[in-house]
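Take a look at the structure set out below.
In what follows, every chain begins at residue 1, and chains take the letters A, B, ... in the order their sequences are listed.
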There are 2 protein chains.
Amino acid sequence: MSVTNTDVSSQADAALGPCGDDDCGIREVLDRLGDRWSVLVVVELSKGVRRFRELERAVPGISQRMLTLTTKRLCRDGLVERTAYPTIPPQTDYRLTSMGRTFADVIQHLADWSRDHKDALVDARARWDADHGDTTGPS
Amino acid sequence: MSVTNTDVSSQADAALGPCGDDDCGIREVLDRLGDRWSVLVVVELSKGVRRFRELERAVPGISQRMLTLTTKRLCRDGLVERTAYPTIPPQTDYRLTSMGRTFADVIQHLADWSRDHKDALVDARARWDADHGDTTGPS
DNA sequence: CCGGATCCAAATCGATACTG
DNA sequence: CAGTATCGATTTGGATCCGG
């Protein structure tokens, strides 16, 4: 039982295989974008250094567990740097690395696209749900 | 029992809440980036019109089920357009919409970043795994 | 304050079989 | 060929308790 769900290095190691020519190292990045919290944490850290508790408050809805896992994953990927001060009570600072900052730029690019197309997306969704008999939608 | 796992509109409808100012419509985009196949399908479709079977072959490892779900989600989001010809045997064409093409551009941007930082990321990962007692890693 | 450990509910995915 | 339905395995995330 050396591997539990609290481990960090249990996903996205291999399991992609040859995919052509467009996506070779993207899988790992996508895995980081895919989970609910990494992006939000990076966005918050792009504003400056944050402590654990600060991050927790800045990202409403995240649990301590997920924040721990998320920061750890980001550290492992070299996107975030962690500095722990063994004081009482303990204090831990998180900050983006230089690579993390470029990653934040990519996210910003993504956010821009989202803003530009959010309406169209919601609209398309509504139209699709209307055309098809949809019993699973809202209300 | 009107909702099964084959339905398309059962995730990412609400459940985000106010998050500040950086991520308001991003969640939906991220959900599409997050799943294993959407990106690959979009990349393939960015090369031209594809039929169902063609997509299945172009994306090795995808199951019919996941391809159906993925294309359906992309259609719902207005990123992909579907044209079905009721012939025998049936034929269905998938193509990117104009919005889908801009989305493909974003993905390309992402892919560029991945390529540029893949080595650094792998390296950081290795270093992290070495520093910490890691029993879950490769070999 | 920071974060690890355990338990548990839910979403997701893959394999398979079946229909038009 | 294109798509649906069902099932089981895996993964993921949240709640909670505990320790440094």
Heavy-atom nearest nucleotide on DNA chain D taken for Thr68(B) and for Arg57(B); more 5' hit belongs to Arg57(B)
Does [X] reach the side chain of [Y], with side-chain heavy atoms less than 4.5 Å apart?
{"X": "Trp113(A)", "Y": "Val29(B)", "result": "yes"}
{"X": "Arg32(A)", "Y": "Leu74(A)", "result": "yes"}
{"X": "Leu96(B)", "Y": "Ser46(B)", "result": "yes"}

Tell me every residue that passes ring-ring contact (aromatic ring centres under 6.0 Å, His included) with Trp37(A), counting only those two or more places apart in sequence or in another chain. none
What is the distance from [atom1] of [X] to [atom2] of [N], rounded to the nearest Å?
{"X": "Tyr85(A)", "N": "dG20(D)", "atom1": "OH", "atom2": "C1'", "answer": "19 Å"}
{"X": "Asp93(A)", "N": "dC2(C)", "atom1": "CG", "atom2": "P", "answer": "9 Å"}
{"X": "Leu69(A)", "N": "dG4(C)", "atom1": "CG", "atom2": "P", "answer": "8 Å"}
{"X": "Arg36(B)", "N": "dT10(D)", "atom1": "CZ", "atom2": "P", "answer": "14 Å"}
{"X": "Glu56(A)", "N": "dA15(D)", "atom1": "CD", "atom2": "P", "answer": "11 Å"}
{"X": "Phe52(B)", "N": "dC1(D)", "atom1": "CZ", "atom2": "P", "answer": "11 Å"}
{"X": "Met66(B)", "N": "dT10(D)", "atom1": "CE", "atom2": "P", "answer": "17 Å"}
{"X": "Leu67(B)", "N": "dA2(D)", "atom1": "CG", "atom2": "C1'", "answer": "10 Å"}

Between Asp77(A) and Arg125(B) (salt bridge meaning N to carboxylate O under 4.0 Å), is one present in this structure? yes
For Arg127(B), is there an ion pair with Asp131(B) - N to carboxylate O distance below 4.0 angstrom? no
Side chain of Arg53(A) - closest among dC2(C), dG14(D), dG4(C): dC2(C)
Using a 4.0 Å heavy-atom cut-off, does Tyr94(A) contact any base of the nucleic acid, only the sugar-phosphate backbone, or nothing at all? sugar-phosphate
Think Arg51(A) has a side-chain N or O under 4.0 angstrom from the OP1 or OP2 of dC2(C)? yes
Protein within reach of the bases, or only the backbone? For nucleotides 15-20 of chain C, mark each nucleotide 5' to 3' as B, S or -, using heavy atoms under 4.0 Å. B-B--B
Give every residue pair that meets the side chain to side chain donor-acceptor pair (under 3.5 Å) criterion with at least one member in residues 53-64 of chain A, sequence neighbours excluded. Arg53(A)-Glu56(A)
